[in-house]
> 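Below: one structure in structure tokens.
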There are 2 protein chains.
Amino acid sequence: MVDVAREAGVALRTVSRVVNDDATVGAELVERVRAAIANLDYRPDERARHLRLGVTGTLGAAVRQLSHVNPVLRAVERAARKADLMVLAASTEDDEQIERHVVESMCRRRFDGILLEPIGADHGYLVPELAAGLSLVAVDRPVLGLDVDCVLSDNVAGIETAYSHLVAHGHRRIAYIGDDERIFTAQERATAFRACVRASGGAADHMIHTGPILPDRIQAALESALSGPGAATAIITGNATLSVEIVRRFRDRSDDVAVVGFDDSELATLLRPDLTVVAQDDAAIGDTAITMLRNRIADPATPVRKVTVPVTLRPRGSGETPPKSA
Amino acid sequence: MVDVAREAGVALRTVSRVVNDDATVGAELVERVRAAIANLDYRPDERARHLRLGVTGTLGAAVRQLSHVNPVLRAVERAARKADLMVLAASTEDDEQIERHVVESMCRRRFDGILLEPIGADHGYLVPELAAGLSLVAVDRPVLGLDVDCVLSDNVAGIETAYSHLVAHGHRRIAYIGDDERIFTAQERATAFRACVRASGGAADHMIHTGPILPDRIQAALESALSGPGAATAIITGNATLSVEIVRRFRDRSDDVAVVGFDDSELATLLRPDLTVVAQDDAAIGDTAITMLRNRIADPATPVRKVTVPVTLRPRGSGETPPKSA
DNA sequence: GCCGATTGAGATAACGTTATCCCGATACCG
DNA sequence: CGGTATCGGGATAACGTTATCTCAATCGGC
């Protein structure tokens, strides 16, 4: 930059002014500086700029898996681009150690704010960061034990909608196969399901199967749910991955079991009948998250908000199958 | 940091030494400094550190879509973590403007290196960056007209393998439905397919259908390929998205058309028969890309390398169906 | 008992920006 | 014609690190 100044025969400060196109510099000088910049191909160093300015214009996104389908992240990138902010993302792999490493790296890099899909683990390491002014918004899951902004899907309403949709189509014995309840969303959905069963006067015991996503576990859950005298006539799956696993197993059997899946995905229309799903409003979640994060950055004293975004039932066929015994 | 020094009653330099755990500082002083750091909860600022050091320990990944399945990116993150480098990723959305914006942002942030899935567009903007010492590795597609490192899948061998696999199972009339040939991989695969047809003495005209991924276009291609006197008995799809689209349409028809897909995906085992695919070696691509990038960073004078990673045929059923007329 | 080697730690100068302060020149008003 | 706004632009001091240089103190050797 000092070279550019020398080349153009102006002061350092003037080059800076030209780079940040400050209006108070004469047209002729601007030209001369521009030429010098091109000549020496000078490239501004954001590190120094950010250091001096204090802000970085950068948002961090710490998500489970970058390389998985994540429509919320796409919405986030879009919303941030509109606000002229750069989003830089990294995976936490749902590993407590990695999450911490990623988030702390972003803090040390002084990102203006962080979007986090938190793991259900101890987030004590965040306390000093938050105290030091970190702007953070949790997405999809809350941060346990800490009062931070978050935006979640309405898991309870989603399960209730799925359940009553199946009831409306004549089902009385509905099973739920879900993810490990140590995961927040899985826990919330399972709890909501138990409440549904209880409200309709049944016992949930044989009807709810949660645990890790492993082929054997899923197979066993499916067999347990669909066999015996009180066999289920409909299944609600706890997330997109499980929907795939369940549907995969239905290729080979011809039972007319109704299925409603949680989370939409491109696989939903791969089979006959198409999969009825409870879809999250990804765009709304992403937009809301960015808005909340920007608000918090602008004013760290903003009261903490916990936003719940509505979900939508998308009937496509698999959830409208009547019970086979009916 | 100066506060920490005052609190601990030592010089600034000593705090820095403790932070970077320099061995030449006495145990007692280390304790005192550590205590002061905890007291004031001091958090080091990487911006200043990077500015001073010259390097950032950060790699940028500019990929088509963060929120899409991208096993290569996962391998990249893993390999980078092992090398104690941070990978920060952003989407280019296959948009020339966005790609340029993302890459230039990363350059101004002085990332040590960039991994790019380049768009088939003019990359002139990279010339000055490369001249200024940018370390860049192109993944999956080359950078047109510029001599930069790249690591690609062996698209030609993949198509040849798929083709001869189908021939070995009795097929003589094989169709190819691929993506828009303005995309490098699509172009390479289509060309390889044409060569296969020619080599086996046929005419490719009715057998090759490339273009954008739009429902109508795909439907038309499929009908054209599968109707008439010279109807194809087997289909090769040009990428994972097309495999899904094609397979989706096969739900409703009962022809025993053989299918081999390019790119593996979790959908491959969703239907009967399971989808035979040509799979890319994602882990090898990711590892190679990181290795090449690190080499280039370590020594910018390293000769440019273009690496082609072998692909593997995974027979699962759909590619082993005999021709229906046979 | 003195001197050289070794070790621990402080002062100072960068790294590449931008903001503050200030000054000179021009123009305008009385 | 003198004085004062106004505007363009230059010198300098930060921002938070680390590296170089220097120096004081301790220890061992002769």
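Each chain gets a letter, A, B and so on, in the order the sequences are listed, and its residues count up from 1. As the structure is a prediction and not an experimental result, all values here were calculated from the model.
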> When you compare the protein's N or O atoms with those of nucleotides 20-25 of chain D, which come within less than 3.5 Å of each other, and at what distance?
from, atom 1, to, atom 2, distance (Å)
D/dT20, O4, B/R13, NE, 3.3

> Base, sugar-phosphate or nothing for A/L51? Non-hydrogen atoms, less than 4.0 Å.
base
> Quick check: are there more than 12 heavy atoms from other residues, nucleotides or ligands sitting under 6.0 Å from CZ of B/R294?
no
> On a heavy-atom basis, which atom in B/A75 and which in B/D282 lie closest, and how many Å separate them?
CB-O, 3.7 Å
> Hey, is B/R74 close enough to A/E93 for a salt bridge, meaning N to O under 4.0 Å?
no
> Return yes if a side-chain donor-acceptor contact under 3.5 Å exists between A/N239 and A/D179, otherwise no.
yes
> For A/M1 and C/dT18, what is the distance between atoms CE and C1' respectively, to the nearest whole Å?
8 Å
> Between B/D45 and A/R108, does any side-chain N to carboxylate O distance fall below 4.0 Å?
no
> Can B/D149 and B/K306 be counted as an ion pair, charged N to O under 4.0 angstrom?
no
> Rounding to an integer number of Å, can you tell me how far B/L53 CG sits from C/dA13 P?
21 Å
> For A/E28, is there an ion pair with A/R32 - N to carboxylate O distance below 4.0 angstrom?
yes
> Return no unless some side-chain N or O of B/T14 is found under 4.0 Å from OP1 or OP2 of C/dG10.
yes
> Out of C/dT17, D/dG9, D/dT18, which nucleotide sits closest to the side chain of A/A48?
C/dT17
> Under 4.0 Å between any heavy atoms, over every strand shown, what does B/V19 touch: base, sugar-phosphate, or nothing? Just pick one.
nothing
> Using a distance-only criterion (donor-acceptor N/O pair, under 3.5 Å, no hydrogens), is the base of D/dT17 paired with the side chain of B/R52?
no
> Can you work out whether B/V10 or A/R47 has the more 5'-proximal nearest nucleotide on DNA chain C?
B/V10
> Provide, to the nearest angstrom, the distance between the CZ atom belonging to A/R109 and the C1' atom belonging to D/dG16.
16 Å
> When you measure from the side-chain N and O atoms of B/S16 to the phosphate of D/dT18, is any distance below 4.0 Å, counting only OP1 and OP2?
yes
> Between P on C/dT17 and CZ on A/R110, what's the gap in Å once rounded to a whole number?
20 Å
> Work out how much the helix from C/dG1-D/dC30 to C/dG30-D/dC1 bends between its end axes, five pairs an end, to the nearest 10 degrees.
50°
> Between atom CG in A/L40 and atom P in C/dG16, what is the gap in whole Å?
14 Å
> Taking CG from A/L12 and P from C/dA19, how many angstroms apart are they, rounded to a whole number?
13 Å
> Which nucleotide, C/dA9, D/dG10, D/dT17, lies nearest any side-chain atom of A/A11?
D/dG10
> Which part of the nucleic acid does A/V2 contact within heavy-atom distance under 4.0 Å: base, sugar-phosphate only, or nothing?
nothing
> Could you state the CG-P distance from A/D21 to C/dT18, rounded to the nearest angstrom?
11 Å
> Any Lys/Arg nitrogen of A/D140 or A/R64 sitting under 4.0 Å from an Asp/Glu carboxylate oxygen of the other?
yes
> How is B/R43 classified with respect to the nucleic acid when contacts are heavy atoms under 4.0 Å: base, sugar-phosphate, or nothing?
sugar-phosphate
> In terms of heavy-atom contacts, does CD of B/Q97 have more than 12 from other residues, nucleotides or ligands at under 6.0 Å?
no
> Do A/T56 and A/D112 meet the criterion of a side-chain donor-acceptor pair at a distance under 3.5 Å?
yes
> Rounded to whole angstroms, how far apart are CD on B/E28 and C1' on C/dA9?
13 Å
